[in-house]
Protein chains: 2
Amino acid sequence: MGRTRIKPGKVRLTEVAELAGVSPITVSRFFRNPDTVSPGRRARIESAAKELGYVPNLAARALASQRTEVIGVLIPSLTNNVFADLLRGIYDAFEGSRYGIQLANTRYSVLQEERLLQLFLMQKPAGLIVTGQDQTAEGRTVIEAADCPVVQIMELGADPIDMMIGFSHVDACYAAISHLLGQGCRRIGFIGARMDPRVQRRLQGYQKAMKDAALFDPRLIVTAPVPTSATMGGSLFSDLLLKAPDLDAVFCANDDLALGVLFECQRRHIAVPEQVAIVGFNDMEFMAAAVPSLTSVRTNRYDMGRRAATMIMDAIEGRPVAQRVVDLGFEVIQRESSTLQRAAATLPPQAGRISGTKW
Amino acid sequence: MGRTRIKPGKVRLTEVAELAGVSPITVSRFFRNPDTVSPGRRARIESAAKELGYVPNLAARALASQRTEVIGVLIPSLTNNVFADLLRGIYDAFEGSRYGIQLANTRYSVLQEERLLQLFLMQKPAGLIVTGQDQTAEGRTVIEAADCPVVQIMELGADPIDMMIGFSHVDACYAAISHLLGQGCRRIGFIGARMDPRVQRRLQGYQKAMKDAALFDPRLIVTAPVPTSATMGGSLFSDLLLKAPDLDAVFCANDDLALGVLFECQRRHIAVPEQVAIVGFNDMEFMAAAVPSLTSVRTNRYDMGRRAATMIMDAIEGRPVAQRVVDLGFEVIQRESSTLQRAAATLPPQAGRISGTKW
DNA sequence: TTGTACGCGTTATCAA
DNA sequence: TTGATAACGCGTACAA
């Protein structure tokens, strides 16, 4: 038979209630919403709890209430700095709230993502933040089964699961290429690594811009499925130089690639931007510090995290969510590495902005 | 009275058991350890579960079993790239295991840490990974109350809570300075930002090395409490040049600072390493790609994460943990930015290694 | 290998 | 504002 499993030292709600001379439910109320308990009992409960060292049992709470305060966050990479800013935004927004973030890493695999969503489901999360829009059909089913507010981040697209916040990678890259075209560049290369869905869409933007300008040439594109890094930027650029020696600019799908290209140019004594202009993507911190400073496409990752978190909380707590699909836009931050006209060259750093948004 | 709260569509263990024609406990066993159920029933249970779309309820499981499979991880920053590698190691090691990682961000605040530990405690985590050894007394009490295996990472020190894995920041920095001294540098500056406990210890190592060489001069030290960045590296280096114009080397407490120093040198046309040698700390990926390539102190962050995770799992599952305190050591990776002697200059990159460990 | 009986610690529901 | 009662879904302990 199920014998008694009572462990002596354990402090439950009941013990606190006894010591405080109230019923357990009152103690429960005190912990969830102190204002619903009269001041006198409030004080008694508080001191009783402190005296006994009471710690609420979240499992029991979740079982009884049929919900948790867990927010599941699914991102494809912990290494990619892009997600650091995003996460900072998310963590900042949830700071001091009652929600706890549970972070999972899909490693750019939709199957991993599916499995991780299954695990989240067992926890009955209060909300879900997932990266991108390329979930499997199975994955979407699981998300829907979770029956909680969901925000898809990083991208925009048709058919959102619930809410969505991001920007158009196609448009952002198109704007970057347009900027280079505006600077007089014609033989603009594209280098990209890892080639996840978002980088693929940047490549689409590149192709569209080059085709629209009747300058498209497949030899100008060099990609690799490996993780992005400065070293890889240097080697992809070297490959590109072989395929297209008459290159006059390079768009890098990530900033670390751009940094590697800059160093490779220094190594080969290629003048930037005079011989080759460089544009990166994401506008990481070091881009402004580089010599020459490096042009990049700024994306509002921190804001994206914050707002995604806010949208989730609003939805959970029944507040109306003004916009269920938010376009955060982007901005081409022009710096020395792509400033070729005399007039433009005298602008202060970061003065040149080409921004895009659907608002 | 507590009326029935039964929601019709809900699938519990019981429903699966009924459909499969077995008792609930058998289904329970099937999900936790399929091998303990006979193949015939196994198949019936599996198809019944699939048919009903059964999802285990983790809260109920945790309540009944009095434990969870949550591993709490506490790190001070998501922005600092150092932690990205560490986390990758941790996530890789737990990959495919039954444990789930819950990540919390202390933002370099011991009070935040204390609060977050409290939150973990309510979940009854199976294990805890915490950064550093500077918990408050309260924090240590909470950790001990969690009554689970604990690994402190990043540093080594006396008085571990339970297990510990890291390296000596004092020794690592001492080795880096010794390397510069060996290259003939005498006026070696120190620049550091954020000044968390580990950076403080690097500063101690610097001071010890300089004092041992009778070359200590407080004017050679410039620090700032702000987050580390390339831009900050440039500006701290500029400050340092004002205080010590006769500088012949700079040790940077973080690699992004070193990158900023390199760019500042390029901007000022200071030859690296001939006029100023540069050494960084952590050996981030871009250090090898830079022109000139940048010397740094390699720390085994990925390994640290992996091994911390392994130690935790071993401890949880009752396997003996060979070493409860692990010194991972470090390695000074000598590159062009600190290679001043003719002989050394012909060495291939990364050929120079000065490693330190207590093994 | 399978089943029986019960308890895990909390909250929902309804009544006072 | 407070309390009585039952239920949340599962695993442990023991027996067969």
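To find a chain, count down the sequence lines: A is the first, B the second, and so on, and within it residues start at 1. As the structure is a prediction and not an experimental result, all values here were calculated from the model.
- At least one side-chain heavy atom of A:Leu128 sits less than 4.5 Å from a side-chain heavy atom of A:Cys148.
- Residue pairs meeting the side chain to side chain donor-acceptor pair (under 3.5 Å) criterion with at least one partner in residues 48-57 of chain A, sequence neighbours excluded, do not occur; the list is empty.
- Judged purely by atom type and a 3.5 angstrom limit, B:Thr68 uses its side chain to pair as donor or acceptor with the backbone of B:Lys124.
- Less than 4.0 Å separates DNA chain D from at least one heavy atom of each of the following residues of residues 28-56 of chain A: A:Arg29, A:Thr36, A:Val37, A:Ser38, A:Arg41.
- With distances taken from any side-chain atom of B:Ser23 to the nucleotides D:dG11, D:dG3, C:dG3, the minimum falls on C:dG3.
- Partner B:Ile143 forms a side-chain contact (heavy atoms from CB on, under 4.5 Å) with one of B:Gln152, B:Glu138, B:Gln135 and no other, that one being B:Gln135.
- When each of C:dT11, D:dT12, D:dC10 is scored by its nearest atom to the side-chain atoms of A:Arg61, the top-ranked nucleotide is C:dT11.
- A:Lys10 places its NZ atom 9 Å from the P atom of C:dT10, with the value rounded to the nearest Å.
- With sequence neighbours left out, the side-chain contact (heavy atoms from CB on, under 4.5 Å) criterion links B:Gln102 to A:Gln102, B:Val70, B:Phe120, B:Gln123.
- Between the CZ atom of A:Arg61 and the CD atom of A:Gln66 there is a distance of 14.5 Å, given to the nearest 0.5 Å.
- Among residues at least two apart or in separate chains, there is no side chain to side chain donor-acceptor pair (under 3.5 Å) pair with a member in residues 36-47 of chain B.
- Computed from coordinates, the B:Asn57 CG to D:dG9 P distance equals 7 Å when rounded to whole Å.
- What separates CD1 of B:Ile25 from P of D:dA15 is a distance of 16 Å, to the nearest Å.
- Contacts of B:Leu13 with the nucleic acid, taken as non-hydrogen atoms under 4.0 Å apart, involve only primed sugar atoms and P, OP1 or OP2.
- One can place CG of B:Leu63 at 10 Å from C1' of D:dG11, the figure rounded to the nearest angstrom.
- Taking 4.0 angstrom as the limit, B:Gln66 places none of its side-chain polar atoms (N or O) nearer than this to OP1 or OP2 of D:dC10.
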* Asked: Taking only Watson-Crick and G-U wobble pairs with both distances under 3.5 Å, what dot-bracket line describes DNA chain D, where [ ] shows pairs that cross earlier ones and | shows pairs with another strand?
  -> ||||||||||||||||
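- Residue pairs satisfying the side chain to side chain donor-acceptor pair (under 3.5 Å) criterion with at least one member in residues 18-32 of chain A, sequence neighbours excluded, are listed as follows: A:Ser23-A:Thr26, A:Ser28-A:Arg32.
- Put simply, the side chain of B:Arg324 does not reach to within 4.5 Å of the side chain of B:Pro160, judged on heavy atoms.
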